[in-house]
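A note on names: the letters A, B, ... follow the listed sequences, proteins ahead of strands, and every chain is numbered from 1.
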There are 2 protein chains.
Amino acid sequence: MTLPKSKTTISDVAKTAGVSNSAVSYALNGKPGVSEDTRAKVLDVAERLGWRPNSAAKALSDAKTHNVGLVLTYDTGVLSVESYTMELIAGLTAELETEGYSLLLRSSPSHVEERSILKEWIAAGAVDAVLIMNVELGDSRIDLFKEKPTVPALALCDASMAGGLPALADDEGGAAHLIVDYLHELGHEYIARIAGPEMLEHTFIRDNAFVDEAAELGLRYSCFHTDYSPQGGERCTRRLLSLPDRPTAIVYDNDVMALSSLQTIGKMGFRVPDDLSVVSWNDSFMCEVSRPTITALNRDVVRRGSKAATMLLSLIDGRQVESVQQEDNELIFRQSSGPLGVHPRRGQGHME
Amino acid sequence: MTLPKSKTTISDVAKTAGVSNSAVSYALNGKPGVSEDTRAKVLDVAERLGWRPNSAAKALSDAKTHNVGLVLTYDTGVLSVESYTMELIAGLTAELETEGYSLLLRSSPSHVEERSILKEWIAAGAVDAVLIMNVELGDSRIDLFKEKPTVPALALCDASMAGGLPALADDEGGAAHLIVDYLHELGHEYIARIAGPEMLEHTFIRDNAFVDEAAELGLRYSCFHTDYSPQGGERCTRRLLSLPDRPTAIVYDNDVMALSSLQTIGKMGFRVPDDLSVVSWNDSFMCEVSRPTITALNRDVVRRGSKAATMLLSLIDGRQVESVQQEDNELIFRQSSGPLGVHPRRGQGHME
DNA sequence: TTGTAAGCGTTATCAC
DNA sequence: GTGATAACGCTTACAA
């Protein structure tokens, strides 16, 4: 209603081709109802005029936006340091591309705002489906999609925490098994874990899996929760290594904490892996180039993204989607972990 | 036209409030033309019914999608390793949020596909503006927006390379000055640079700036171009250090190459910084945690993103936008660089 | 102040 | 096989 936008519309094509609007629509959508002659003519004209269906009009008409929504929780510190979100987005967009879908991205400083963005999306019909990541215990976002089937949603978390929503999960049980078993075989008997925020579904699942696994093998296990940040990781590491009774291996819930803690560990006089083994629960380029390199649990996050996209596209198609757990854990052995040293630890545990 | 979507429309509100559609529209948009009584009633009803304007209808009606488009060049290797794109996106979305805009994301394996996505967006009116990143010399994407002012575009490159489009640039001249001067003062007389792809605008600008700066100070300078990847960086490093006449400092165009090359340098028997100083042209968390830590040029990429968003929003508003160069270079001095050693280098330059 | 109606660009239903 | 025409939900002249 504003400017006389110079876009080519279906009417322009119809006029030029000397046929009606509906003929054009049929022809362009490959539907029956037009003769081959007309179809050819229309296609030719449309091509020459560079016609493309207006997305807003199409969305209005067939109630499909061809957008999948994702809200980034804008956590300054971690977002830019971890590659997880970027890899996920890469996988998502690549797969959505196959069906001509786009990723609609917004960001929110907190969960409160995120919830209202989602409500906005639902009410405005701005997206055909939504991906929910970083699920928390009793996450209020889930409720938005649980009852009303207005907009399909996929939760990136364990199925048991998705409140009935279809979920795409990591195999945390398998991961815990892999890591704990490995450390056990190296001779470690007391393992600590420096974990992510306690209210994260993610963390909760790992907590349980780890406790189970440690119990099964008769290992001592203690766990500190923090916020995934370098500072948080270092603080917990310092506290942990200041205790009179120290673990011989630390598992970090992310690579950022593992990496930054290496320095702290060194400053406190411990050698890795001679005095202390370090394992990161997720892998990244950083684990390869750090000194020492870090043993880490590798998962294909890009593939996670494309799998999520596939599931979302199915949901949009109205198909039933079963929750999936991706079993692609692989522990990459690097320098930061090794057998329990025979020599007594020389670390003093002094704070700098 | 398909399902009887249970969304609340403006007509529902009108019916419930007992007024006409236009009254509702006026009331909800804060425009004159309705009495305060009616307005209050309408607002109340709309609130109770949870009404939100349908985005497709709104987009169709006022020819504004409230989307800004960005195409990710899906370069598997680098995208997930570098934090640049993620930080940019964080800044973009955070700023777009202030005006209720979203970032529409698609990905393309190559520049050919990217161009057609852009053409599609223009023809379909799917976005109100577009951000062009990773500009290449003679970039064909620029041409799409140069002549026709259908969709405003902002180029993330030097203004001289933007073909007349408004541009948001880094201060590469200042950066070269900072880095070369620093190395010069440390006593280095032969500096090498391992750069990004030659066809990137980015690289081109840096090449020139670096040559100028080196010439001014009478330094020797040589440059190898590669692809930003760890492997590319290592390969060039090895070649460079195998030469009989070696530089005493290497500047890497990104942190990924700098980091992975540290290992290569070590394997070849050189010590950093005693035998060789290493500087990275961009900073990241990785530069802080590597051993040794890496001297790097720090820029606020998140701020780059929000500045870009601000400019894009101005363009959408139809305002004239001047190209901007952000002058926030800061060289962070870390362990990887130092004065030219007085002792002869002990490196043998042997390949492993 | 209010309601009616046309228009945004599609798709789909109907007569012809 | 073809061309009007209504509908999607909203904005905005224009009448009443």
Problem - Terminal helix-axis angle for the helix from C/dT1-D/dA16 to C/dC16-D/dG1, with five pairs defining each axis and rounding to 10 degrees - result: 60°

Fill in the blank from the handout: residues 104-113 of chain A vs salt bridge (charged side-chain N to carboxylate O under 4.0 Å, His left out), sequence neighbours excluded, gives A/R106-B/E97

Exercise for the section: Indicate whether OP1 or OP2 belonging to C/dT11 is found under 4.0 Å from a side-chain N or O atom of A/K58. Expected result: yes

Exercise for the section: Please check if atom CZ in B/R303 has more than 12 non-hydrogen atoms from other residues, nucleotides or ligands closer than 6.0 Å. Expected result: no

Completion exercise
By nearest-heavy-atom nucleotide on DNA chain C, the more 5' of B/A57 and A/N29 is B/A57

Problem - Under the side chain to side chain contact (heavy atoms under 4.5 Å, CB included) test, residues paired with A/K58 that sit two or more places apart - result: A/N29, A/P53, A/D62

Problem - Inter- and intrachain pairs under salt bridge (charged side-chain N to carboxylate O under 4.0 Å, His left out), touching residues 22-37 of chain B, at least two apart - result: B/E36-B/R39

Completion exercise
Rounded to whole Å, CD1 of A/I10 lies from P of D/dT5 at a distance of 17 Å

Would you list the protein and nucleotides 2-5 of chain C atom pairs, both N or O, that sit under 3.5 Å from each other?
residue : atom : partner : partner atom : Å
C/dT2   : OP1  : B/T38   : OG1          : 3.0
C/dT2   : OP2  : B/S35   : N            : 2.9
C/dT2   : OP2  : B/S35   : OG           : 2.9
C/dT2   : OP2  : B/T38   : OG1          : 2.5
C/dG3   : OP2  : B/S20   : N            : 2.8
C/dG3   : OP2  : B/S20   : OG           : 3.3
C/dG3   : N7   : B/S22   : OG           : 3.0
C/dT4   : O4   : B/S22   : OG           : 2.9

Problem - Residues A/D44 and A/K41 bridged, charged N to O under 4.0 Å - result: no

Exercise for the section: For B/D62 and D/dA13, give me the distance from atom CG to atom P, rounded to whole Å. Expected result: 12 Å

Practice task
Could you tell me which residues satisfy salt bridge (Lys or Arg N to Asp or Glu O under 4.0 Å) with B/E120, sequence neighbours excluded, listed by chain and number?
Solution key: A/R52

Practice task
Mind checking the CH2-CG spacing from B/W121 to B/L104? Nearest 0.5 Å is all I need.
Solution key: 5.0 Å

Exercise for the section: Find the distance B/K64:NZ to C/dG9:P and express it as a whole number of Å. Expected result: 14 Å

Problem - Interatomic distance where CG belongs to A/L28 and C1' belongs to C/dG9 [whole Å] - result: 13 Å

Handout entry: Interatomic distance where CG belongs to B/D37 and P belongs to C/dT1 [whole Å]
Key = 11 Å

Exercise for the section: Whole angstrom is fine here: how far is it from NZ in A/K41 over to C1' in D/dG1? Expected result: 12 Å

Practice task
Mind listing the closest non-hydrogen atom pair of B/K7 and A/I122 along with its distance?
Solution key: CE-O, 3.0 Å

Practice task
Would you please test B/D12 and B/K15 for salt bridge (charged side-chain N to carboxylate O under 4.0 Å, His left out) and show each step?
Solution key: CA-CA 5 Å; B/D12 297 330; B/K15 215 163 294 171; 5.1 Å; no

Problem - Length of the line joining A/N54:CG and C/dT11:P, which is rounded to integer Å - result: 10 Å

Practice task
Check if the side chain of B/S61 and the base of D/dT11 share a donor-acceptor pair of N or O atoms closer than 3.5 Å.
Solution key: no

Practice task
Look at B/K31 and D/dT12 and indicate whether a side-chain polar atom (N or O) is within less than 4.0 Å of OP1 or OP2.
Solution key: yes

Practice task
Answer with base, sugar-phosphate or nothing: what part of the nucleic acid does B/S25 contact at a heavy-atom distance below 4.0 Å?
Solution key: base

